[in-house]
Amino acid sequence: MKIHEYQAADIFKKYGIPTNPGKVAATSAEAESAARDFARTVVVKAQVHVGGRGKAGGVKLAKTAAEAKEVAEKILGMNIKGITVKKVLVAGGIEIKKEAYVGITLDRARQKPVIMVSAAGGVEIEEVAAKTPEKIVKAWVDPLLGLCDYQVRDLAGALFSDPAQKKETAAILKALWRVYTECDCSLAEINPLVVDGAGKVLALDSKIIFDDNALFRHPDLEALRDANEEEPSETAAREANLSYVPLDGEIGCLVNGAGLAMATLDVVKLYGGNPANFLDVGGSSDPKKVVNALKIITGSGKVKAILFNIFGGITRCDDIAQGILTALSQMKLDLPIVVRLTGTNEEKAREMLKGTKLIPAATMVEAVERVVEEAKKKS
Ligand code: GDP
Ligand code: MN
């Protein structure tokens, strides 16, 4: 789950990371009044769940309150990478002497969190990683040992030579590590970490992504969710307790189990189709869940054919077949639907689907070939 910069900054502040305090405004009048309170040059920043706001024109300096109003008017309502800006953060302008990058995320290959720092901050770190990877210094943290002092000293030393700045940076890195672990983050990032006019080190941008699988133990963090920033289909899926990822293709996939869902996407691709989504209906045969799933994947109007790929282990295939039939009797759906059911009671299930408009298939390949063919017929 992503949160806004101002929310991440609040968390950073709680953990002792110096940030640039600001005020959130939803209208240009509010932005103007916030700017007046600062009584100096301010920065007006779009609050959206995407990076690269600066480049997109979503971060602007304003010398006066009147100018802040004008700038806020432009930024509010702006579309940045597909998301409409509904709020801006107004903060006192900071004189920047140096811009650095610090971030913590999980390195899956090494199975450890990695702390990355770079003196080439400010710009998108992906760009630095692609063009000048030698400018990124990394340290991997052993989860049993935790972050060690020598690592913190090395990383801080890679960014600044001034002893006071090194010391401040070391404290920031330690605090960021606590945020990352205690809040169950998948990313905790400061870009840029700046040295201001007075030589102090502070976080000028704050970014946090939480690990969805750990959110259940942080109701306070869950409350920071902004459904405004999510795709409506994602919100509906979350509320229906379905694990769902929208993709760009035309074949809607309903699968039980995440592993089988991944395999299904691969096979659909292999046979020349494009999956419209990743959707795991779990072990349930609950017709309500199937109705929700079908509504979600057909909602965008892009889906041309649907594939049910169900492996019946503990779940019985006849139960699932009944769930699908009941679901379809409750909604109008005019798309070809291929159903592959295998495992416990599969013959019985296929028997039940006979005489319906559903297209039964015995194997995964047969089902995928058929659904790809059906989708092509429709396009
Ligand atoms: P992002 O582009 O979405 O990562 O947004 P950032 O919050 O990182 O802002 C983008 C850039 O705007 C930063 O790298 C800074 O160069 C600049 N910026 C942000 N706040 C200030 C400020 O208070 N003063 C100055 N001079 N520049 C700022
Ligand atoms: Mn940034």
Side-chain angles (χ1 to χ4, degrees), residues 1-24 26 45-51 53 83 86-87 89 91 101-108 110-116 125 139-147 152 171-191 193 202-246 258 278-280 282 284 289 292 296:
M1 179 183 94
K2 293 181 180 175
I3 54 171
H4 289 294
E5 174 194 3
Y6 72 89
Q7 297 168 319
D10 276 350
I11 294 174
F12 284 177
K13 200 174 140 209
K14 264 188 218 143
Y15 279 82
I17 298 174
T19 55
N20 185 25
K23 285 186 182 139
V24 180
K45 306 176 80 177
Q47 297 298 290
V48 276
H49 286 184
V50 290
R53 296 163 302 163
I83 307 181
K86 297 246 165 70
K87 284 179 272 188
L89 179 67
Y101 170 93
V102 307
I104 309 178
T105 189
L106 181 66
D107 184 335
R108 289 171 192 275
R110 295 222 189 182
Q111 305 181 335
K112 278 178 191 155
V114 59
I115 304 191
M116 294 176 287
I125 197 67
W140 287 268
V141 184
D142 186 309
L144 292 179
L145 297 176
L147 180 60
V152 174
I172 290 171
L173 286 169
K174 282 186 181 179
L176 194 66
W177 172 251
R178 281 187 55 219
V179 171
Y180 179 82
T181 50
E182 287 175 25
C183 300
D184 288 314
C185 301
S186 59
L187 177 77
E189 185 185 80
I190 304 172
N191 188 28
L193 177 77
L202 72 139
L204 208 56
D205 188 8
S206 310
K207 185 166 177 179
I208 291 179
I209 303 177
F210 299 113
D211 179 348
D212 290 337
N213 292 317
L215 271 176
F216 72 93
R217 54 184 185 190
H218 302 285
D220 51 328
L221 301 178
E222 171 68 49
L224 299 176
R225 187 187 291 281
D226 184 351
N228 215 345
E229 304 279 315
E230 293 180 325
E231 266 210 38
S233 64
E234 284 179 88
T235 311
R238 184 166 40 72
E239 281 163 2
N241 235 331
L242 295 162
S243 82
Y244 167 80
V245 180
F278 170 106
L279 193 145
D280 175 9
S284 151
K289 214 165 173 179
N292 277 331
I296 288 163

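- Evaluation of the ring-ring contact (aromatic ring centres under 6.0 Å, His included) rule for H4 yields Y6, H49 as partners, not counting sequence neighbours.
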inquiry  = Evaluate K207 against L187 for side chain to side chain contact (heavy atoms under 4.5 Å, CB included), listing each step before the verdict.
reply    = CA-CA 8 Å; K207 185 166 177 179; L187 177 77; 4.0 Å; yes
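- Legend: residues meeting ring-ring contact (aromatic ring centres under 6.0 Å, His included) with Y180, ordered by chain and number and at least two apart, are W177.
- Side-chain contact between C183 and I208 is absent, with no heavy atoms from C-beta onward closer than 4.5 Å.
- Residues passing the side-chain contact (heavy atoms from CB on, under 4.5 Å) test with S186 are I209, sequence neighbours excluded.
- Considering only residues two or more places apart in sequence or on other chains, K112 meets the side-chain hydrogen bond (donor to acceptor under 3.5 Å, both in side chains) condition with none of them.
- With sequence neighbours left out, V245 forms a side-chain contact (heavy atoms from CB on, under 4.5 Å) with L247, F278.
- Residues L221 and L215 form a side-chain contact, since some pair of their non-hydrogen atoms from C-beta on lies under 4.5 Å apart.
- The shortest distance between side-chain heavy atoms of E222 and F210 does not fall below 4.5 Å.
- Counting non-hydrogen atoms of other residues, nucleotides and ligands closer than 6.0 Å to NZ of K13 gives a total of 12 or fewer.
- Counting only heavy atoms from C-beta outward, the side chains of T105 and V114 approach each other to under 4.5 Å.
- A donor-acceptor distance shorter than 3.5 angstrom exists from the side chain of Q7 to the backbone of L224, with no hydrogens or angles considered.
- Interatomic distance, D184 CG to D212 CG, rounded to the nearest 0.5 Å: 11.0 Å.
- In this structure, I172 CD1 and L202 CG are separated by 7.5 Å, a value rounded to the nearest 0.5 Å.
- A side-chain contact (heavy atoms from CB on, under 4.5 Å) with L176 is found for exactly one of I190, L147, L193, namely I190.
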- Task: For D226 and K86, run salt bridge (charged side-chain N to carboxylate O under 4.0 Å, His left out): C-alpha distance rounded to whole Å, both residues' side-chain angles, the deciding distance at 0.1 Å, then the answer.
- Result: CA-CA 11 Å; D226 184 351; K86 297 246 165 70; over 6 Å; no
Do K2 and E229 pass the salt bridge (charged side-chain N to carboxylate O under 4.0 Å, His left out) test, and can you show the C-alpha distance, the side-chain angles, and the key distance before you say yes or no?
CA-CA 9 Å; K2 293 181 180 175; E229 304 279 315; over 6 Å; no
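- For E230, the salt bridge (charged side-chain N to carboxylate O under 4.0 Å, His left out) test picks out R225, R238, with sequence neighbours left out.
- Put simply, CG on L173 and CD1 on I115 are 6.0 Å apart, with the number rounded to the nearest 0.5 Å.
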